[in-house]
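Reviewing the structure listed below.
Whatever order the structure lists them in is the order used to number ligands and atoms, beginning at 1.
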Amino acid sequence: MASKPPKGDPVQDAPQVAEAQHAAAGLPAIGHTLRMAQQQMGVRRTALTLLRVNQKDGFDCPGCAWPEPEHRHKAEFCENGAKAVAEEATLRRVTPDFFAAHPVADLATRSGYWLGQQGRLTHPMYLAEGAERYEPVPWERAFDIIAEELAALDSPDESVYYTSGRTSNEAAFLYQLFARELGTNNLPDCSNMCHESSGSALTETIGVGKGSVLLEDLYKSDLIIVAGQNPGTNHPRMLSALEKAKNNGAKIITVNPLPEAGLERFKNPQTPQGMIKGTALTDLFLQIRLGGDQALFRLLNKLILETDGAVDEEFVREHTHGYEEFTEAARTADWDETLAATGLERARIEEALAMVLASKRTVVCWAMGLTQHKHAVPTIREVVNFLLLRGNIGRPGAGVCPVRGHSNVQGDRTMGIFERPAPAFLDALEKEFGFAPPREHGLDVVRAIKALRDGEAKVFFAMGGNFVAASPDTEVTEAAMRKARLTVHVSTKLNRSHAVTGARALILPTLGRTERDLQGGPEGKGTEGKGTEQFVTVEDSMGMVHASRGRLEPASPHLLSEPAIVCRLARRVLGPRSATPWEEFEKDYATVRDRIARVIPGFEDFNAKVADPAGFALPHAPRDERRFPTATGKANFTAAPVEFPALPKGRLLLQTLRSHDQYNTTIYGLDDRYRGIKNGRRVVLVNPDDARELNLAEGSYADLVSEWKDGVERRAPGFRIVHYPTARGCAAAYYPETNVLVPLDATADTSNTPASKSVVVRLEQSGTD
Ligand SMILES: Nc1nc2c(c(=O)[nH]1)N[C@H]1C(S)=C(S)[C@@H](COP(=O)(O)OP(=O)(O)OC[C@H]3O[C@@H](n4cnc5c(=O)[nH]c(N)nc54)[C@H](O)[C@@H]3O)O[C@H]1N2
Ligand SMILES: Nc1nc2c(c(=O)[nH]1)N[C@H]1C(S)=C(S)[C@@H](COP(=O)(O)OP(=O)(O)OC[C@H]3O[C@@H](n4cnc5c(=O)[nH]c(N)nc54)[C@H](O)[C@@H]3O)O[C@H]1N2
Ligand SMILES: [Mo]
């Protein structure tokens, strides 16, 4: 059976609502997975492809960054990983004929869902200035066009190089090298919108901007706190790890405004008893108000300080700095303020405290529920305070666990994709490649949008991702993008960023993770030429690095790999002024790894180490030796004032989050099964008591209007109201439909991450069913 043609563009969502579920995974998930995968890939390809996901000789799942366990099952993938694979390994194709039939103006009217459903991009395409349609363009001409526009700039800082987190280590290393040889640190990435707040908070407090636990630590812990994360949908394989931890005796506290099905009960599809009964995961559910986490952890810290013998005094003395100042601030924490900020009952917080005090090994896991707030950085610092107090960093079974999103977003950062690179990294680049890298900081995502808006950046280049749909303040971002001279997207699939372009635009189609990558064959032939099979490497959320090898025939013979695109671009743009062996790098990725080994600490003997199919762990000083490479040489306690979002009367705090059928801006389907939503995405979840007070009848429709201090009213029309047990005063709706509501200036302090989890909105009714 071949793949099925995509359905027409649903003119309007028609969301329906059923009972929300209280368990995740299990049999329905398997049926659902296979159905979706077969529609895209057919039966045979589905079986062949899914069995290679996360196997030691296979490819790394392009879904999330959750690590692979030591003992892998035959089917080491989850429902949503399978959807990510099917999306890439689909048999549908977007050919030059498609672009002939669909002018850009037409593409701009289509939903993201429809665009993604059209299939894989097959040819490099060019939109000339003033043209209505993209036309096929030879690769060499595409590189000429980029070189022309770059040569016309007054400074390389007028160009921007975005990265999404699927890019391999090898491609990312080459890409940042190209940008820096050209002379700019303008390397924003999706991390700026994602875990930047975690990186900022952790670098300052423990000296390493990454998590400090390995899978083993989760299995050994007594208490795991999962705050601001929905693993049942976004990191489904984490549920197996939580189940194993529970079987070993761990307790789990969930902190979330929503009761998320995956955290309530997990039906492990890999064990027979799991399929039937499942494991109740959460022992204590703290249904917190949006943005209340800093207040919660601050109060817990005060209560720990007031309990005899609860503080690990030896650890505090030996390894930390700033304790006095912190305790002074923590002692002023106040029950009334905390109960108002969190919406929790006193008894629940006391229960949590008892569990915290009973635990010798505590892990805190978090994701976007903590990172996307104005006060995200102090919130995560407060989590660090909480762990430091009881010596829970650098001890087996304990630590910080920011759960990363994209499958190689952490690796890309390790490879130097960062607008504010550390001087030591630039020194190492300089020494290895013999050029002077720019030292001035570059633009992050929000600043890049402003630079485009203000005419200060003119060329926008994206290595993957869907910048205009993922970024905040959609109207502002789209207008900014349209002001560019040239926009270039290295992509596997069609998306909104191809329809909202600069004066000229290029789409450069590339290989995905699942596909065979041959290099060193006859020049200029794309993947058609014979050559030597290459592999790439990735780093997961826990700092494990391993190889990834695609086996499928590429979606089209005209695709180039990401490393090949960067190498050819660099040769064309930099010419003889670059002494870097780009040609050699393109032919043999092992030569790139040799350089990474000499530039980036922890990658010594890289090629030898990745030969081990299990991969290797990067060093992490706090985890490995309780050494904290911070400014003070110790782990830093911090003492920021407690903040939480204010809610004006008659308004709700809106969080923008993911449904079960999407991967960021890639929409797999129109259902959100665990939350009981079907056939539509324009829904807003509102607490029934708030709905009563605000007269928001179930099934009626409302516009979401965001209110921000710039006085501009941002509007997302036509959302169906769904009564849902979220925390009081809080609402939830899906991203990216709601990005139009997030003001560009509403960002987290320090990290500048868009505050997309607390947008003040009013609901304007527009009619009923
Ligand atoms: N299938 C699938 N997998 C994915 C993705 C995907 O889109 N689809 N995206 C990937 C990426 S890039 C990322 S970053 C991750 C995202 O993974 P998540 O962070 O799980 O993603 P969100 O859907 O944004 O969910 C945020 C969760 O935090 C809760 N929350 C929101 N605000 C607060 C708050 O103020 N306090 C607390 N305590 N909780 C809060 C929400 O109710 C929700 O449960 O997933 C990755 N994996
Ligand atoms: N309101 C709101 N906004 C958010 C968030 C939120 O929670 N709320 N979350 C933020 C977060 S956490 C993130 S990470 C960002 C995500 O932002 P991005 O990473 O920019 O967005 P994605 O939707 O993941 O990108 C999907 C596109 O990537 C391309 N692609 C897929 N695989 C490959 C590949 O292997 N190579 C290449 N070159 N291209 C590929 C495809 O063309 C696809 O259309 O969005 C952020 N925006
Ligand atoms: Mo993310």
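- With hydrogens and angles left out, the side-chain atoms of R166 and N408 include no donor and acceptor closer than 3.5 Å.
- Take F59 and apply the ring pair (Phe, Tyr, Trp, His ring centres under 6.0 Å) test, not counting sequence neighbours, and it matches no residue.
- Per-residue contacts place Y162 under 4.0 angstrom from the following atoms of ligand 2 (heavy atoms of the residue considered): 17 (O), 18 (P), 19 (O), 20 (O).
- T510 counts as a contact of ligand 2, since one of its heavy atoms falls under 4.0 Å from the ligand.
- Inclusion of H498 in the set of residues having an N or O under 3.5 Å from an N or O of ligand 2 is not warranted.
- In terms of polar-atom proximity, T492 is counted as a contact of ligand 2, with an N or O under 3.5 Å from an N or O of the ligand.
- Although no hydrogens or angles enter the test, the distance criterion places a donor-acceptor pair under 3.5 Å between the side chain of S541 and the main chain of R404.
- Partners of H498 under the ring pair (Phe, Tyr, Trp, His ring centres under 6.0 Å) rule, at least two apart in sequence or in another chain, are H489.
- Side-chain N/O atoms of T379 and H373 include no donor and acceptor closer than 3.5 Å.
- Of the residues listed (H195, Q655, E196, K757), the one engaging Q372 in a side-chain hydrogen bond (donor to acceptor under 3.5 Å, both in side chains) is K757, and it is the only one.
- Among protein residues, C64, N80, C194, G228, Q229, N230, T233, N234, H235, V255, N256, P257, L258, E260, I288, L290, G291, D293, A367, M368, G369, H373, G405, H406, Q655, L657, R658, Q662, Y663, N664, K757 come within 4.0 Å of ligand 1, judged on heavy atoms.
- Applying the salt bridge (charged side-chain N to carboxylate O under 4.0 Å, His left out) test to R348 and every residue at least two apart in sequence or in another chain returns E345, E351.
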